[in-house]
Each structure stands twice: as structure tokens, then as C-alpha cells.
Colleague: 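To start, I am sharing the structure in question, which I have written as C-alpha cells.
In the text below, chain A, chain B and the rest are named by the order of the sequence lines, each starting its count at 1. Values reported hereafter were calculated over all heavy atoms of this structure, with side chains retained and with hydrogens, waters and symmetry mates removed. This structure is a prediction, so every number in the text was calculated from the model and none was measured.
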Amino acid sequence: MAEALFYVLGAGAVLFAIGVVRARMPLFSVLSLLGTFFCLAGIYLLAGFPFLAATQLLVYAGAIMVLFLFVIMLLNLGDAAELERHAGLSLSGRRLVVAGSAAALLGLVGLAAADVDAVFAAGELPEERALDDLSTLARLLFSRYMLPFEAASLLLLATMVAVIVLAKRQREKNPFSSAPGARAQHSEEPVQGGVQR
Amino acid sequence: MNVPTDHLLALSAILFALGVLGFLVRKNVIIVLASIELMLNAANLSFLAASRHWSQTTLAGQGDPSAGPIFAIFVILVAAAEAAVGLALVIALYRLKQTVALDGMAELRG
């Protein structure tokens, strides 16, 4: 049962990955990526990493996907005319396909979870079933991997600052063409036309 | 699950190859970023497969197979940071050039 489920999820992951690469529109690519993440989460569950599976769903399928979708919608990359042109199915048919595949994915991951539960209950495996036991991971993170952990927190802080700087609306039209040192003077007040600083 | 480690690694290799393909072939920045996420996921899968292999074979008992999940967590963290910076760059570039196609981007003259 678990083996068959693994091969189904693996095939699904590969098919969705092909969808990521082949999609004509970024929206479909990102949605296929979501499918790959779901399949991989199911595989992690089956392989004995329930915490990693949950992290995969929360961080990847939750946070990163939402980020991608936000950007696609902010930039208005998925225009409706192209959507109509490239899709073979009617709108309701497409909705059915999307809803059906979402339901199938959720069902597969649920099956994987149920399967892991059954394995737990049957006591088929030795006491330490989960390979990513949380207390073990936490102890390791705060002892042997202390330095990488702190580096990771620094990385996140740096990322946060970098993203704010990058995404902030620039005052000048072309941020790459501004002379060095000119940026510091463009603080908050609007730039007056023709004024030499 | 009694799937041999080879099959997990093969799946990881296929996903990574598809990610490389997308990264090299596609011109849309967002699809390129999605391909990078695919590659990072493939790496994660191979980390976990190795950890599982470690805990199941004669190596069991030596060292800690938890290194696999810990590295996977770090990979997820780096992937999140990378996605955030990459998408912020996409927004900045879109503001500059009104497009997300990689063809016209030669600001660095690389």
C-alpha cells in the first residue's frame, strides 16, 4: 500500500514538475509547482519525516506559493485573453479539472497520513518511527548546529532588509542610472525638477 | 514503506533535471524562479533519502541520521529567503522595464 502510494506520488511529482517547465503562463507554472510540493510532502510522510512534510506544506505550499501568486497578480501577468486562447476546455471544465486535481492531491496526502498512522498503530516499526523527531532536531539545532542556526537567523534578517530596499518605490525614475552618492540626498522630500544638488 | 533508496534518489534526480531544464530553457523570470524551487526540493528529497538510508542500513547507530532533516530545514529556509529576494528583484525589474522576460535584461552586461 505505502509502496504503491509512493510510486503514485512520485509520478505525480514528476508530471507536475513537467508542468512547471512546460507551462505557457507563469500562473500555471506556479500552480504545477504547488502540486509538486504536495506530492513531495506525501512522499516525506511515507518516508518517515512527518515534521518535514508539515514544514513543506506550511512554508513551501503556504508561504512561498503565496509570495509567487502575489507577485504574479501584482504584475498582472495572467491576462484573461491569453488564458482563453491557450485553454482547450471551457471555463467550467477547467474549474472542474482544477478542483478535481486539488481534491485528488489532498486525498493522496491524506492517504499517506492514514498509512503512516496505520504503520504506527501496528507497531511494525521500532520505537523511534519518525526520523525527524522534534526533540532530537531541537536538541541538535541548539547544540551541534548552533552556528548554522544563528547564521540562518542573520540570513533571514538580511533578506528582510534587502527585500524592503528592493521593493520600495524608488524616487528617481531609473535606480540604475542614478549617480553614486545621489541616493543619500533623495531622502523623503520629493525631488524638485531642475534643481542641482 | 519499503521503497529502495535508489528510487527516492532517482525521483530526486528527475526533479532536479527538470528544474535545470526549466532554469536554462525558459525566459520568464517567474518560471525560472519556480524551476530553482524545484531544484531545491529535489536536493531536499535526496537529503531525506540519504538520512532514511542511513538509519536503515548497517550505519544505523553511528552518528546521527538527523543531519538529513536538519539540512532539509536549512534548505527550506534558504529557499524561502531566495524566493523573497528573487521576487523582489522581479518587481524591481518589472518597474524598470515593464516585462518579466529575461531576453532584454542586460543591465550588468554579463
Colleague: Verify side chain to side chain contact (heavy atoms under 4.5 Å, CB included) between L9(B) and H53(B), making sure each step is shown before the conclusion.
Modeller: CA-CA 11 Å; L9(B) 290 178; H53(B) 188 73; over 6 Å; no
Colleague: Name the region of I18(A), side chain, backbone, both or neither, that has any atom closer than 4.5 Å to a heavy atom of chain B.
Modeller: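 Both backbone and side chain.
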Colleague: Give the member of L45(B), L48(B), V85(B) that has the highest number of heavy-atom pairs under 4.5 Å with chain A.
Modeller: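 Maximum pair count with chain A is reached by L48(B).
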Colleague: Does any backbone or side-chain atom of L156(A) lie under 4.5 Å from a heavy atom of chain B? Answer side chain, backbone, both or neither.
Modeller: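 The side chain, not the backbone.
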Colleague: Could you walk me through whether L87(B) and L33(B) pass side chain to side chain contact (heavy atoms under 4.5 Å, CB included), step by step?
Modeller: CA-CA 8 Å; L87(B) 291 170; L33(B) 281 175; 3.7 Å; yes
Colleague: Relative to chain B, which of F70(A), F16(A), F37(A) shows the most heavy atom pairs under 4.5 Å?
Modeller: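 Answer, by heavy-atom pair count under 4.5 Å with chain B: F37(A).
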Colleague: Could you state the interatomic distance from OG (S12(B)) to CE (M39(B)), rounded to the nearest 0.5 Å?
Modeller: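 Here the rounded value is 12.0 Å.
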Colleague: Pick whichever of A10(B), S51(B), A81(B) has the most heavy-atom pairs under 4.5 Å with chain A.
Modeller: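 Maximum pair count with chain A is reached by A81(B).
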Colleague: Using heavy-atom distances under 4.5 Å, tell me whether L15(B) contacts chain A through its side chain, its backbone, both, or neither.
Modeller: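 The answer is the side chain of L15(B).
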Colleague: Counting only heavy atoms closer than 4.5 Å, note whether I31(B) contacts chain A via side chain, backbone, both or neither.
Modeller: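 Interface part for I31(B): both.
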Colleague: Checking heavy atoms, do the side chain of F51(A), its backbone, both or neither come under 4.5 Å from chain B?
Modeller: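 Only the side chain of F51(A) comes within 4.5 Å of chain B.
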Colleague: Looking at V78(B), V32(B), N44(B), which makes the most heavy-atom pairs under 4.5 Å with chain A?
Modeller: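 Ranked by heavy-atom pairs under 4.5 Å with chain A, first place is N44(B).
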Colleague: Could you check which of S32(A), A158(A), A13(A), A23(A) has the highest count of heavy-atom pairs closer than 4.5 Å to chain B?
Modeller: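 With the most close heavy-atom pairs to chain B, the winner is A23(A).
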Colleague: Give, for atom CD1 of I36(B) and atom CG of N41(B), the distance between the pair rounded to the nearest 0.5 Å.
Modeller: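 So the gap between those two atoms works out to 12.5 Å.
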Colleague: Any chain of hydrophobic side-chain contacts (each under 4.5 Å) joining L15(A) to F6(A)?
Modeller: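 They do not share one cluster, since no chain of ILVMFWY contacts under 4.5 Å joins L15(A) to F6(A).
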Colleague: Where on A67(B) is there a heavy atom nearer than 4.5 Å to chain A: the side chain, the backbone, both, or neither?
Modeller: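 Contact with chain A is through both the backbone and side chain of A67(B).
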Colleague: If Ile, Leu, Val, Met, Phe, Trp and Tyr residues are connected whenever their side-chain heavy atoms lie under 4.5 Å apart, and connections chain through other members, are F49(A) and V75(B) in the same group?
Modeller: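 Looking at the clustering, V75(B) is in the same group as F49(A).
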Colleague: Chain B heavy atoms under 4.5 Å from L137(A): which part of the residue, side chain, backbone, both or neither?
Modeller: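 For L137(A), heavy atoms of backbone and side chain both lie under 4.5 Å from chain B.
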Colleague: Most heavy-atom pairs under 4.5 angstrom with chain B, which of V59(A), V163(A), V30(A)?
Modeller: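 The answer is V163(A).
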Colleague: Tell me, side chain or backbone of R26(B) under 4.5 Å from chain A's heavy atoms, or both, or neither?
Modeller: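 Just its side chain gets close to chain A.
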Colleague: Using heavy-atom distances under 4.5 Å, tell me whether A79(B) contacts chain A through its side chain, its backbone, both, or neither.
Modeller: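 For A79(B), the contact with chain A is made by backbone and side chain together.
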Colleague: Calculate, to the nearest 0.5 Å, the distance between atoms CG and OG belonging to L140(A) and S135(A) respectively.
Modeller: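 So the gap between those two atoms works out to 9.5 Å.
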Colleague: As an exercise: rank I91(B), I76(B), V29(B) by heavy-atom pairs under 4.5 Å with chain A and give me the winner.
Modeller: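 The candidate making the most pairs under 4.5 Å is I76(B).
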Colleague: Go through it in stages, so that I can follow the logic: the residues are V14(A) and L18(B), the test is side chain to side chain contact (heavy atoms under 4.5 Å, CB included), and I'd like the CA-CA distance, side-chain angles, deciding distance and then a yes or no.
Modeller: CA-CA 8 Å; V14(A) 171; L18(B) 283 168; 4.3 Å; yes
Colleague: Do you know which of F149(A), Y60(A), Y145(A) has the most heavy-atom pairs with chain B at a distance under 4.5 angstrom?
Modeller: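 Going by pairs under 4.5 Å, I would pick Y60(A).
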Colleague: Go through the atoms of F71(B) and report whether side chain, backbone, both or neither lie under 4.5 Å from a heavy atom of chain A.
Modeller: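 Only the side chain of F71(B) comes within 4.5 Å of chain A.
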Colleague: State plainly whether one hydrophobic cluster holds both Y7(A) and L11(B), where clusters connect Ile, Leu, Val, Met, Phe, Trp and Tyr through side-chain heavy atoms under 4.5 angstrom apart.
Modeller: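 Both belong to a single hydrophobic cluster.
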Colleague: Apply the test side chain to side chain contact (heavy atoms under 4.5 Å, CB included) to residues S46(B) and F16(B): give CA-CA distance (whole Å), side-chain angles for both, the deciding distance (0.1 Å), then the verdict.
Modeller: CA-CA 10 Å; S46(B) 61; F16(B) 192 88; over 6 Å; no
Colleague: Please output the residues of residues 62-69 of chain A in contact with chain B, using a heavy-atom cutoff of under 4.5 Å, in numerical order.
Modeller: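 So far as heavy atoms go, I64(A), L67(A), F68(A) are the residues that approach chain B to under 4.5 Å.
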Colleague: In Å, rounded to the nearest 0.5 Å, how long is the span from CG of L77(B) to OG1 of T159(A)?
Modeller: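 Interatomic distance, L77(B) CG to T159(A) OG1, rounded to 0.5 Å: 8.0 Å.
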Colleague: Would you say that more than 12 heavy atoms from the other residues, nucleotides or ligands in this model lie under 6.0 Å from the NZ of K97(B), or not?
Modeller: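 Yes, NZ of K97(B) has more than 12 neighbouring heavy atoms, counting only those of other groups under 6.0 Å.
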Colleague: Is I164(A) linked to L166(A) within one hydrophobic cluster, defined over Ile, Leu, Val, Met, Phe, Trp and Tyr using a side-chain heavy-atom separation of less than 4.5 Å?
Modeller: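 No, I164(A) and L166(A) fall in different hydrophobic clusters.
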Colleague: Quick check for you: to the nearest 0.5 Å, what is the distance between R144(A) atom CZ and I70(B) atom CD1?
Modeller: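 Interatomic distance, R144(A) CZ to I70(B) CD1, rounded to 0.5 Å: 8.5 Å.
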Colleague: If I take atom CG from residue L57(A) and atom CG from residue L45(A), how far apart are they, to the nearest 0.5 angstrom?
Modeller: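 Spacing of CG (L57(A)) from CG (L45(A)) equals 8.0 Å.
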